[in-house]
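Each chain gets a letter, A, B and so on, in the order the sequences are listed, and its residues count up from 1.
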Protein chains: 2
Amino acid sequence: MSLRHALLGLLADSPQTGYDLTKRFEETLSGHAWNASHSQIYPELKRLLGDGLIEIVGEGSRGSKTYGVTAEGRAELRRWMFSPLGDTPPRNEFVLRLFLLSSLDLADTRVLVGQMAQASDVEVAGLTEAIATIERFTPPGTRPGYARFAAEFGRRYYELQSEWARWVLAELEKAS
Amino acid sequence: MSLRHALLGLLADSPQTGYDLTKRFEETLSGHAWNASHSQIYPELKRLLGDGLIEIVGEGSRGSKTYGVTAEGRAELRRWMFSPLGDTPPRNEFVLRLFLLSSLDLADTRVLVGQMAQASDVEVAGLTEAIATIERFTPPGTRPGYARFAAEFGRRYYELQSEWARWVLAELEKAS
DNA sequence: TGTTCCATGTAATAAGTTACATGATTTC
DNA sequence: GAAATCATGTAACTTATTACATGGAACA
């Protein structure tokens, strides 16, 4: 169950409300790392509060509560960050389809893999632009920050998908 | 819900029992694409049978049933393979940690990213060997088959993780 | 004859999704 | 004053995991 650690990690960055956290899941984590909706987030925040891993650091209008990580929470987060992977099995629809490619006939496979390459290229373009934006808004002499690292991973990942797909197409061409 | 399509895809390759399918999940899909245990697989096979997407093609000893995909099942599988991605949100602990890196202090970040690079190298080595084995057992003049494609993706993926981690280390070095 | 592997199932619990529900504040 | 956004919650349902349970066949 990585949800609590995702929440701890986001809150460690800066104190936030459940609503803020819901948006950050949607915007940054949901696409590549982890998904959670508000109906899961609010109850989990209460549990984290009960376990003393987070605390209420402020209350705003409309009954909003801003949570921050406690020392205990930060320790638990650190422990998890360094723990071995494999806690929760990955789930990746793209890779699943890749593993099931052999269920299609050769013509279908060619079409699908071609589509995979094209879709990946679109993502690469989007992330390349996002990275350019980050760089543009980074003052010279400053470190670009961690968002840059994540974006770089994303760009390289989609590049990999695209290049792999084209390699498969070439391999299929070879022998047939 | 991709479980049924994963099952259809595996059965499309060759008819199998629930037990066989459980093993193939563990061996091939569980690590990178999708996870499922036998307690989920058996009931889903019954549902697929009820929906006419698979059929029993043979019964062996110990009450084992071998399932095969029906024409309808194959059509449903094909439809899903070509449907747009995004049905189920991905889940990836490595990427989640990558997104939460900023919650660590600089020293911890360096250590963790270094460990990530090393762990990825181990995976690259394993997959490189697996690929060599596949190639060795492929008769000259033959297409190596789809397992080769999946292995290639895995190798490139771990290479990406390793290279990304080293790039991050270099970036962290730069500015401090 | 004991251990491992084959083979299938159910029950209890946990996690995740979708739908339902409410109300305050801001913006146009 | 209508619409969008902020803000939080619960209920119903589906999916997934862990634990429980059983027994046949192969092997040593």
| remark: Asp87(B) CG to dG16(C) P, in whole Å, measures 17 Å
Write out a two-atom table: protein N or O, nucleotide N or O from nucleotides 19-28 of chain C, distance below 3.5 Å.
from: dT25(C); atom 1: O4'; to: Arg62(A); atom 2: NE; distance (Å): 3.4

| query | Rounded to whole angstrom units, what separation is found between the CG atom of Leu45(A) and the C1' atom of dA7(D)? | reply | 13 Å
| Arg156(B) NZ/CZ over Trp167(A) ring centroid, <6.0 Å and within 45° of normal | yes
| task | Return the value, rounded to whole Å, for the distance between atom CD1 of Ile56(A) and atom P of dT8(D). | result | 10 Å
Would you tabulate the pairs of protein nitrogen or oxygen atoms and nucleotide nitrogen or oxygen atoms of nucleotides 13-16 of chain D closer than 3.5 angstrom?
from: dA16(D); atom 1: OP2; to: Gln40(B); atom 2: NE2; distance (Å): 2.5
from: dA16(D); atom 1: O5'; to: Gln40(B); atom 2: NE2; distance (Å): 3.2

| message | With a 4.0 Å cutoff (strictly under), does any side-chain N or O of Lys65(B) reach OP1 or OP2 of dC6(C)? | response | no
| query | Under 4.0 angstrom, heavy atoms only, what part of the nucleic acid is Ser37(A) near: base, sugar-phosphate, or nothing? | reply | base
| For DNA chain C, what residues of residues 4-28 of chain A have any heavy atom nearer than 4.0 Å? | none
| message | With a 4.0 Å cut-off on N to O distance, would you call Arg148(A) and Glu171(B) a salt bridge? | response | no
| message | Under 4.0 Å between a side-chain nitrogen and a carboxylate oxygen: does that hold for Glu44(A) and Arg47(A)? | response | yes
| Salt bridge flag under 4.0 Å for residues Lys23(A) and Glu26(A) | no
| message | Count I, L, V, M, F, W, Y as connected when their side-chain heavy atoms are under 4.5 Å apart, and connections chain through other members. Are Tyr146(A) and Leu10(A) then in the same cluster? | response | yes
| remark: Between Ile134(B) and Ala151(B), the two heavy atoms sitting closest are CD1-CB, 4.3 Å
| note | When rounded to whole Å, the CD1 to P distance for the pair Ile41(B) and dT17(D) reads 11 Å
| request: Determine, for Arg4(B) against Glu76(B), whether the closest basic-nitrogen to carboxylate-oxygen distance falls under 4.0 angstrom. | output: no
| said: Can you list everything that forms a salt bridge (Lys or Arg N to Asp or Glu O under 4.0 Å) with Asp20(B)? Sequence neighbours excluded, please. | reply: none
| said: Suppose the criterion is side-chain hydrogen bond (donor to acceptor under 3.5 Å, both in side chains): which pairs have a residue in residues 116-126 of chain B, not counting sequence neighbours? | reply: Ser120(B)-Gln161(B), Asp121(B)-Ser162(B), Asp121(B)-Arg166(B)
| Is Glu129(A) atom CD crowded by more than 12 heavy atoms from other residues, nucleotides or ligands, each under 6.0 Å away? | no
| message | Measure OH/Tyr42(A) against C1'/dA15(C) and give the value in whole Å, please. | response | 19 Å
| said: Rounding to an integer number of Å, can you tell me how far Lys46(B) NZ sits from dT8(C) C1'? | reply: 8 Å
| Geometric cation-pi criterion Arg97(A) and Trp80(B), 6.0 Å radius, 45° cone | yes
| request: Would you mind reading off the distance between Leu29(A) atom CG and dG16(C) atom P, rounded to a whole angstrom? | output: 13 Å
| Can you find a heavy atom in the side chain of Glu93(B) that is under 4.5 Å from one in the side chain of His5(A)? | no
| task | Determine whether Phe153(B) and Val122(B) fall in the same hydrophobic cluster, where Ile, Leu, Val, Met, Phe, Trp and Tyr are linked whenever their side-chain heavy atoms lie under 4.5 Å apart. | result | no
| request: State, to the nearest 10°, the angle formed by the axis through the first five base pairs of the helix from dT1(C)-dA28(D) to dC28(C)-dG1(D) and the axis through its last five. | output: 30°
| task | Give a yes or no on whether Val168(A) and Val111(A) share a hydrophobic cluster (residues Ile, Leu, Val, Met, Phe, Trp, Tyr; joining criterion: side-chain heavy atoms under 4.5 Å apart). | result | yes
